[in-house]
Participant: 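Pasting a structure here, questions to come.
Reckoned from all heavy atoms, side chains included, excluding hydrogens, waters and symmetry mates.
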Amino acid sequence: DCFGYKGNHMIDPDEKLKYVELKEYNPEWSRLFTEAANEIKSILQENCIEIHHMGSTVIPTIYAKPIVDVLPIVKDINRVDALNSKFEALGYVCMGEYGITGRRFYWKSKLKRTHNIHLFEEGASEISRHLYGLIRKNPTYHRFISIALSSDSINTQRTQNAFNGQ
């Protein structure tokens with residue numbers, strides 16, 4: 001039971017995104033990610049291995065939904081559910097697995113979503129799909145990954161392994 005959502009009721013219909021809003025790249029998204037990552041790390045503490053900024057708000061050359069997607073990776077996903085009240089205190093709505101086994105999904109703000117958290121346990125196969133699924137299919141993303149791989153802020157070996165499907 002997360003925020004009163006029980007059984008097969010994965011989402012309140014009044015809270016669904018009604019349309020897709022695309023915006024020009026906003027450098028503020030990077031700051032919002034950093035703030036969210038720090039908050040998430042303070043909740044997950046030693047269970048947190050790493051936190052990635054993912055999705056279209058990472059890429060300066062494309063239009064994006066103005067929703068910051070965050071992907072924390074934890075040692076033990078079973079320890080996460082007990083922390084839902086801490087996520088709630090920061091304005092997140094807990095959605096449980098939300099259709100993907102082994103994930104914990106949260107969004108921030110009921111009226112206008114600003115953040116999504118896609119939380120997985122280390123080794124989950126969905127991690128690479130979430131981080132790199134589009135990269136394999138789109139030349140714009142190919143150019144981005146070459147920049148990302150040279151960045152000190154990204155674990156290069158993990159990024160290369162995921163990109164290569166390992």
Side-chain angles (χ1 to χ4, degrees), residues 10-11 17 20-81 83 87 90 92-109 113-166:
M10 293 172 45
I11 190 167
L17 292 173
V20 176
E21 176 185 24
L22 295 177
K23 298 276 190 176
E24 284 188 73
Y25 177 78
N26 183 344
E28 184 75 0
W29 293 332
S30 180
R31 185 189 63 76
L32 292 172
F33 162 74
T34 300
E35 286 178 3
N38 288 335
E39 292 174 341
I40 293 165
K41 176 70 175 164
S42 73
I43 293 171
L44 298 173
Q45 298 181 11
E46 75 284 344
N47 193 28
C48 184
I49 297 170
E50 58 192 343
I51 301 176
H52 296 274
H53 185 184
M54 64 175 225
S56 56
T57 58
V58 176
I59 305 169
T61 57
I62 66 171
Y63 279 74
K65 292 183 296 182
I67 299 171
V68 175
D69 284 294
V70 182
L71 192 147
I73 300 173
V74 296
K75 297 173 190 172
D76 183 358
I77 195 122
N78 295 313
R79 294 172 49 195
V80 173
D81 293 335
L83 303 172
F87 283 99
L90 294 175
Y92 287 95
V93 177
C94 165
M95 299 303 295
E97 289 185 326
Y98 196 59
I100 298 178
T101 302
R103 171 177 75 169
R104 297 302 180 269
F105 181 71
Y106 305 83
W107 75 51
K108 192 168 196 174
S109 181
R113 194 179 308 185
T114 60
H115 297 70
N116 290 328
I117 299 174
H118 310 260
L119 192 148
F120 291 98
E121 185 172 277
E122 183 176 37
S125 61
E126 288 290 327
I127 294 170
S128 62
R129 186 182 74 78
H130 273 71
L131 287 175
Y132 306 104
L134 292 173
I135 292 171
R136 295 186 184 111
K137 299 175 186 168
N138 187 311
T140 300
Y141 289 78
H142 285 235
R143 287 191 300 276
F144 171 72
I145 195 64
S146 67
I147 295 167
L149 288 173
S150 67
S151 171
D152 289 336
S153 65
I154 293 179
N155 181 321
T156 306
Q157 187 61 49
R158 191 178 299 262
T159 302
Q160 288 172 332
N161 287 346
F163 184 74
N164 293 323
Q166 300 173 356

Participant: Provide the closest heavy-atom pair for E21 versus P66 in the form atom of the first, atom of the second, distance.
Facilitator: O-CD, 3.2 Å

Participant: How far does CD1 of I117 sit from CG of L119, to the nearest 0.5 angstrom?
Facilitator: 7.5 Å

Participant: Find the distance between CG (N26) and CG (L32) and round it off to the nearest 0.5 Å.
Facilitator: 7.5 Å

Participant: Going by an N to O cut-off under 4.0 Å, is there a salt bridge joining E121 and R79?
Facilitator: no

Participant: What are the two closest non-hydrogen atoms of I77 and G102, and how far apart are they?
Facilitator: CD1-O, 3.2 Å

Participant: Side chains of L71 and I51: does their closest heavy-atom pair fall under 4.5 Å?
Facilitator: no

Participant: Run F120 and H130 through ring pair (Phe, Tyr, Trp, His ring centres under 6.0 Å) and show every step you take.
Facilitator: CA-CA 10 Å; F120 291 98; H130 273 71; 5.0 Å; yes

Participant: Tell me, do R113 and V68 make a side-chain contact under 4.5 Å, heavy atoms counted?
Facilitator: no

Participant: For E24, is the CD atom crowded, meaning more than 12 foreign heavy atoms sit under 6.0 Å from it?
Facilitator: no

Participant: Can a donor-acceptor pair be found, under 3.5 Å and without considering hydrogens, that links the side chain of T101 to the backbone of E97?
Facilitator: no

Participant: Which atom pair, heavy atoms only, marks the closest approach of D76 to N78?
Facilitator: OD1-N, 2.9 Å

Participant: Using atom types as modelled and distance alone, determine if a side-chain donor or acceptor of R104 lies under 3.5 Å from a backbone N or O of D81.
Facilitator: no

Participant: Could you measure the distance from the NE2 atom of H115 to the CH2 atom of W29? Nearest 0.5 Å is fine.
Facilitator: 12.0 Å

Participant: Under 4.0 Å between a Lys/Arg side-chain N and an Asp/Glu carboxylate O for K41 and E39?
Facilitator: no

Participant: Using every non-hydrogen atom in the two residues, find where S56 and K65 come nearest and quote the distance to one decimal.
Facilitator: OG-N, 3.7 Å

Participant: Quick one: CD on E50 to CD1 on I73, what's the gap to the nearest 0.5 Å?
Facilitator: 4.0 Å

Participant: Heavy atoms, side chains only, cut-off 4.5 Å: are L44 and P72 in contact?
Facilitator: yes

Participant: Test side chain to side chain donor-acceptor pair (under 3.5 Å) on H118 and D69; report intermediate values, then the result.
Facilitator: CA-CA 7 Å; H118 310 260; D69 284 294; 3.0 Å; yes

Participant: Which pair of non-hydrogen atoms, one from M54 and one from T57, has the smallest distance, and what is that distance?
Facilitator: O-OG1, 4.0 Å

Participant: I need the I40 CD1 to Y106 OH distance, nearest 0.5 Å.
Facilitator: 9.5 Å

Participant: Are any of the side-chain heavy atoms of I49 and K75 separated by less than 4.5 Å?
Facilitator: yes

Participant: To the nearest 0.5 Å, how far apart are CZ in F87 and CH2 in W107?
Facilitator: 15.5 Å

Participant: Are side-chain heavy atoms of N116 and F105 found at a separation under 4.5 Å?
Facilitator: yes

